[in-house]
Amino acid sequence: MQDRYEPRSVEREAQAFWDARRSFHAEEDPARPKFYCLSMFPYPSGKLHMGHVRNYTIGDVLTRTHRMRGYNVMQPMGWDAFGLPAENAAMANKVPPAKWTTENIAYMKAQLKGLGFALDWQRELATCTPEYYRWNQWLFTRLFRKGLAYKKTGVVNWDPVDQTVLANEQVIDGRGWRTGAPVEKREIPMYFLRITAYAEELLGALDGLSGWPEQVKLMQKNWIGKSEGVRLAFPYRLDGEDKRLWVFTTRADTLMGTTFCAVAAEHPIAAWAAKRDARLAAFVEECKQGAVMEADLAQLEKKGMPTRLTVTHPLSGKELPVWIGNYVLMGYGEGAVMGVPAHDERDYAFARKYGLPIPCVIRHPAGDDVPEPWKPEYAGYGTCINSGKYDGLDYQAAVDAIAADLQAKGLGEKQVQWRLRDWGISRQRYWGCPIPIVHCPSCGDVPVPDEDLPVKLPEHLVPDGTGNPLAKMPEFYDTRCPSCGNAARRETDTMDTFVDSSWYFARFACPDQERAMLDQRAKYWLPVDQYIGGIEHAILHLLYSRFFQRVMRDEGLLAISEPFTHLLTQGMVLAETYYRDTPQGRREWVHPSEVQVTRDAKGRIESARRTNDGAEVVFAGVGTMSKSKNNGVDPQALIDKYGADTARFYIIFASPPTNTLEWSDESVEGSFRFLKRLWAYGAKLHGAATAARGAFDRAARLEVHSVLKQANYDLGKHQFNTVASAAMKMLNALEKLPGRTPAADEGFSILVRVLAPITPHICHHLWRALGYGEDVLQASWPEPDPAALEQDEIEYVVQVGGKTRGSLRAPKAADQKALETLVQTSEVAQKYIAGKPVRKVIVVPGRLINVVI
RNA sequence: GCCGGAAUGGCGGAAUUGGUAGACGCGCCGGACUCAAAAUCCGGUGCCAGCGAUGGCGUGUGGGUUCGAGUCCCACUUCCGGCACCA
């Protein structure tokens, strides 16, 4: 074994060994427990970023530890290959998205191989291939026939200059990103998937997901948003006809405090009113300006205008004005709300602004009226007042009584309302999976029959930013109706890329299956035992996947309902940011690698200068790695310099998986240093003759085995950073041993196995070089030896009055009484008791004694 | 705005889930080796006061519960993620 650690050759050799043996190829094996470990597949954007390296290293650690624990492990990898960035790159470089995507995949695949991940490449898939997306189409036609996919209008961002639909991301401060034109809302026909049909089940099943973080389950619960309330009607007469304005409320107990109703600008009443009043028409138009993002809408200044229409209060019979309000969402509930200014913050602000009455109908802790400013208590539950026959009722009694009275009049009933909306999947974009529908003038929307699938996406087009090129391509859209054979037009919208990623985890079980979406192998591998990915996917991707799993179940493809048994959500990777303001007043972001930092005697940053020209720069804290702040760290540069094992070790060691990770080049050096020390120790053992048991063996074994015990505990918590620390502690202990004693070999073989999932290449080499075995992948996971952990004496912490004052050693067998006596006679306690009466003595077995005085 | 998180030395983080706060590492300080540098090795390092023994303070802020709080409760501050067409 050579003295110098050379990661390049060590890594090449280990990877060649795994390739030759097909070490990571997984086969179904009913005799062993299976472990399907999956990291979220990447979008092939060009090259791996640090977030990928982190995600896949975490997945690889889990994969490799489970292998060593005897599981039949499958860890696949694929490409989420459709999407907007390919179209943007296509426009910028005049290259078809397909070519750009394929080249990116090839490069990134080589990078993943270089990192030594235990991936089964035989299962590789890409969502942009017809072999994959034909099953998107197949499933869509099934859902369409069942009514679970349907057409209705949806609202999109419209760029009036480019005449194109914009993604939310392409809207910057309410303007189109390319044209700068103010964005408008536009309603267009779209296909929707009826996820709301599964709302109750998706919500209820969260409780059973014991392997998911509570935080993610809570976010999903709130997103689905079940609320029980009352749907009720305000009757009105219009053009001689009796009509009803329906609203939904969770606060029917406040119904008697209603002083107005408000409808969304897209509501039929708004359209009716706008026809008769130019100012209203202008206001409705104004509401159509701007983007569709909820975050923007929620922060709009609350504005409204009264229509001339009045409605009748369903219980009191009072006439109430109907307003158009820009804060009423057409997409939630009925697109109309009842305004109860005294007990709803938005209604309060609205009524104050427009001088509407604000009668208090719920008693709250601060009194029976609602003076300015608004207080959260006003919206609390309480007893009804000023509400006629409902006075004195509490929330539940009032809701029950009011719902019953409404029902008797045929003007309302209790109803469950969901915040969750059906999933609009139509995208007016080229680089996606074509929606398999043919529009026939006589037969309507006809799903493409199975034998005509897949509807192939032409791969040679280059979009130009003015709408979908498919819609300008008669060779694509001119077709015949599958039903009647007459001329018809093919749908040119493609699917939301979330459709592609909502079932890919299942396809990994049988990516080569040409005759079906899934086969028997999926029944063996699914569900995914461990899923790993960014917290930013906590709601949409994970909820859509849970929905699709149920859709596939109901198609008879799989029996299970939940796709992911355990979920680990990793944190983001951040880096330092530095800038300087140029004389021209421009802010220039300087890459952290180009900055030289000077520190004071305590290591605090004093100043920072740009290395090449000495210009002073300002440290602006840490932030997500981004082009705009010029602080991205390229993992490839790191791998080239230190090797894959150092990159993997650092990323595991720097932070627990769920935390954000703040990048530091200096700390990477420390990780490299550790691996060099590890190598050097291995080389020293390798060159030494085996010695007899030494005097320090007992102490070294105690240390190694107690650290191992803790490491195994931490591994169970997925706290991998302290597992890496444990490896360092083991090496520290072993380096104190004088030679190659039995404890040295035992300890080193434990260390190499603990580290093998994190830094597989160097461990592969050391394991073989020291003759511990042929392949560390085949080794079993180490467990602590109870005999090594035996101790005769225990050190107790001594506290007096809750303050730590020192420690004392006591025999292991000492009981509470013996310890009480021991502590009261001890020098350390005597000093602080100082003759005061001892009230009691608290003993925490094996840890601490507290004398209360 | 709404929903969900996070906050511990100069820095990343640890604390066996209410029991010695700061493990492990980075940085910094001092030393060894070297003609010198790099690499490597050894020692020190929460803050304040003190030559020192030692004493006081200390886990974002303000309260509370407890023999004992980084950990539990209440109220806030700041930062981060998501908000349905980025993936």
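Chain identifiers are assigned alphabetically (A, B, ...) following the order of the sequence lines, protein sequences preceding nucleic acid strands; residue numbering begins at 1 within each chain. All values below come from the heavy atoms of this structure, side chains included, with hydrogens, waters and symmetry mates left out.
- Among the heavy atoms of the strands, none lies under 4.0 Å from A:H541.
- Contact annotation: A:T660 side-chain N/O to B:C80 OP1/OP2 distance is not under 4.0 Å.
- In this structure, A:R419 does not reach the B:C3 phosphate: none of its side-chain N or O atoms is under 4.0 Å from OP1 or OP2.
- A centroid separation of less than 6.0 Å is found between the aromatic rings of A:Y650 and A:W663.
- Partner assigned to B:G43 is B:C29, using Watson-Crick or G-U wobble distances below 3.5 angstrom.
- Residue A:K676 is classed as a sugar-phosphate contact, given heavy-atom separations below 4.0 Å to backbone atoms only.
- Spacing between B:G60 and B:A21 at atom P, rounded to whole Å, works out to 16 Å.
- Nearest to the side chain of A:A167, among B:A15, B:C24, B:C85, sits B:C85.
- Heavy atoms of A:P42 sit nowhere under 4.0 angstrom from any nucleic acid atom.
- When distances are taken from the side chain of A:F653 to each of B:C24, B:A14, B:G27, the shortest belongs to B:C24.
- By the 4.5 Å heavy-atom criterion applied to side chains, A:W431 and A:T494 are not counted as neighbours.
- B:G9: no Watson-Crick or G-U partner with both key distances under 3.5 Å is found in any strand.
- Heavy atoms of A:L420 sit under 4.0 angstrom from at least one base atom.
- For A:N732, the side-chain atoms get nearest to B:C24 when compared with the rest of B:C24, B:G82, B:G19.
- Residues A:F350 and A:Y327 bring their aromatic ring centres within 6.0 Å.
- With hydrogens and angles ignored, a donor-acceptor pair closer than 3.5 Å exists between the side chain of A:Q299 and the base of B:G1.
- Using a 4.0 Å heavy-atom criterion, one finds that A:N168 contacts the sugar-phosphate atoms exclusively.
- Contact annotation: side chain of A:N222 to base of B:C3, donor-acceptor pair absent below 3.5 Å.
- Nucleotide B:G4 forms a pair with B:C80, judged by Watson-Crick or G-U wobble geometry with both contacts under 3.5 Å.
- Among the protein residues, A:L218 comes within range of the sugar-phosphate backbone only, with heavy atoms under 4.0 Å from sugar or phosphate atoms but none that close to a base.
- Base pairing analysis places B:G52 opposite nothing; no Watson-Crick or G-U wobble pair with both distances below 3.5 Å involves it.
- Counting heavy atoms from C-beta on, the side chains of A:L789 and A:K709 come closer than 4.5 Å.
- Distance noted for atom C1' between B:G56 and B:G50: 12 Å (whole Å).
- Residue contacts for A:A295: at a heavy-atom cut-off of 4.0 Å it reaches a base atom on one of the strands shown.
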Pull out every protein N or O sitting under 3.5 Å from an N or O of nucleotides 53-58 of chain B, one pair per line with the distance.
| residue | atom | partner | partner atom | Å |
| --- | --- | --- | --- | --- |
| B:G55 | OP1 | A:Y832 | OH | 3.1 |

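- Among the nucleotides B:C86, B:G13, B:C83, the one closest to any side-chain atom of A:W223 is B:C83.
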Test side-chain contact (heavy atoms from CB on, under 4.5 Å) applied to A:V633 and A:L638, step by step
CA-CA 8 Å; A:V633 178; A:L638 181 78; 5.5 Å; no

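- Atom CE of A:M293 is separated from atom P of B:C86 by 8 Å (rounded to the nearest Å).
- Side-chain contact between A:L731 and A:E735: present, with at least one pair of heavy atoms (C-beta onward) separated by less than 4.5 Å.
- Judged by Watson-Crick or G-U wobble contacts below 3.5 Å, the nucleotide B:C67 has B:G19 as its partner.
- Residue A:I842 is in base contact, counting any heavy-atom pair closer than 4.0 Å across all strands shown.
- Under the 4.0 Å criterion applied to side-chain N and carboxylate O atoms, A:R178 and A:D162 are assigned as salt-bridge partners.
- Pairs passing the salt bridge (Lys or Arg N to Asp or Glu O under 4.0 Å) check and including a residue from residues 212-221 of chain A, sequence neighbours excluded, read A:E214-A:K217.
- Nearest nucleotide to the side chain of A:R677, out of B:U20, B:A87, B:G25: B:G25.
- For the pair A:E6 and A:R4, the salt-bridge criterion is met [side-chain N within less than 4.0 Å of a carboxylate O].
- B:G19 and B:A69 are spaced 10 Å apart, taking the C1' atom of each and rounding to whole Å.
- When distances run from any side-chain atom of A:R847 to the nucleotides B:G1, B:U20, B:A84, the shortest one goes to B:U20.
- The side chain of A:S655 places an N or O atom within less than 4.0 Å of a non-bridging phosphate oxygen (OP1 or OP2) of B:G13.
- Closest approach to the A:Y713 side chain among B:A15, B:U16, B:A87 is made by B:U16 (side chain taken as heavy atoms from C-beta onward).
- The A:V156 side chain lies nearest to B:C85 when the options are B:A87, B:C85, B:G4.
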Between the protein and nucleotides 71-74 of chain B, which nitrogen or oxygen pairs come in under 3.5 angstrom?
none

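- Comparing the same atom, C1', in B:G22 and in B:C11 gives a spacing of 13 Å after rounding to whole Å.
- One cannot find a donor-acceptor pair under 3.5 Å joining the base of B:C11 and the side-chain atoms of A:E662.
- Centroid-to-centroid, the aromatic rings of A:Y544 and A:W423 come within less than 6.0 Å.
- Searching all strands for a Watson-Crick or G-U wobble partner of B:A38 with both distances below 3.5 Å returns nothing.
- Side chain of A:T164 to backbone of A:G467: a donor-acceptor contact under 3.5 angstrom is found.
- With respect to the salt-bridge test (charged N to carboxylate O, under 4.0 angstrom), the residues A:E301 and A:K353 qualify.
- The side chain of A:E294 sits closest to B:G1 out of B:G1, B:U20, B:G81.
- Residue order along RNA chain B, read from the 5' end via each residue's closest nucleotide, puts A:N721 first among A:N721 and A:V797.
- We find that A:E294 and A:R419 are joined by a salt bridge, their nearest charged nitrogen and carboxylate oxygen being less than 4.0 Å apart.
- Here the CG atom belonging to A:L568 is positioned 6.5 Å from the CZ atom belonging to A:F720, to the nearest 0.5 angstrom.
- Base pairing of B:A75: its partner is B:U61, meeting the Watson-Crick or G-U wobble criterion (both donor-acceptor distances under 3.5 Å).
- Distance noted for atom C1' between B:G52 and B:G58: 23 Å (whole Å).
- To the nearest whole angstrom, the two C1' atoms, one in B:C42 and one in B:C76, are 49 Å apart.
- Using a 4.0 Å heavy-atom cutoff across all strands shown, A:V165 reaches at least one base atom of the nucleic acid.
- At a threshold of 4.0 angstrom between heavy atoms, the contacts of A:E669 with the nucleic acid are absent.
- A:S667 comes within 4.0 angstrom of the backbone, heavy atoms only, and of no base.
- Comparing the C1' positions of B:A39 and B:A32 gives a spacing of 14 Å, expressed to the nearest Å.
- The side chain of A:R429 lies closest to B:C85, out of B:C24, B:C85, B:G81.
- Distances shorter than 4.0 Å separate none of the side-chain N or O atoms of A:Q220 from OP1 or OP2 on B:G4.
- Classification of B:G62 as anti follows from a glycosidic angle more than 90° from 0.
- Both A:N659 and A:M190 lie close to RNA chain B; mapped to their nearest nucleotides by heavy-atom distance, the more 5′-ward contact belongs to A:N659.
- Nucleic acid contact for A:S426: base, since at least one base atom lies under 4.0 Å from a heavy atom of the residue.
- Rounded to a whole angstrom, the distance from the C1' atom of B:G81 to that of B:G27 is 30 Å.
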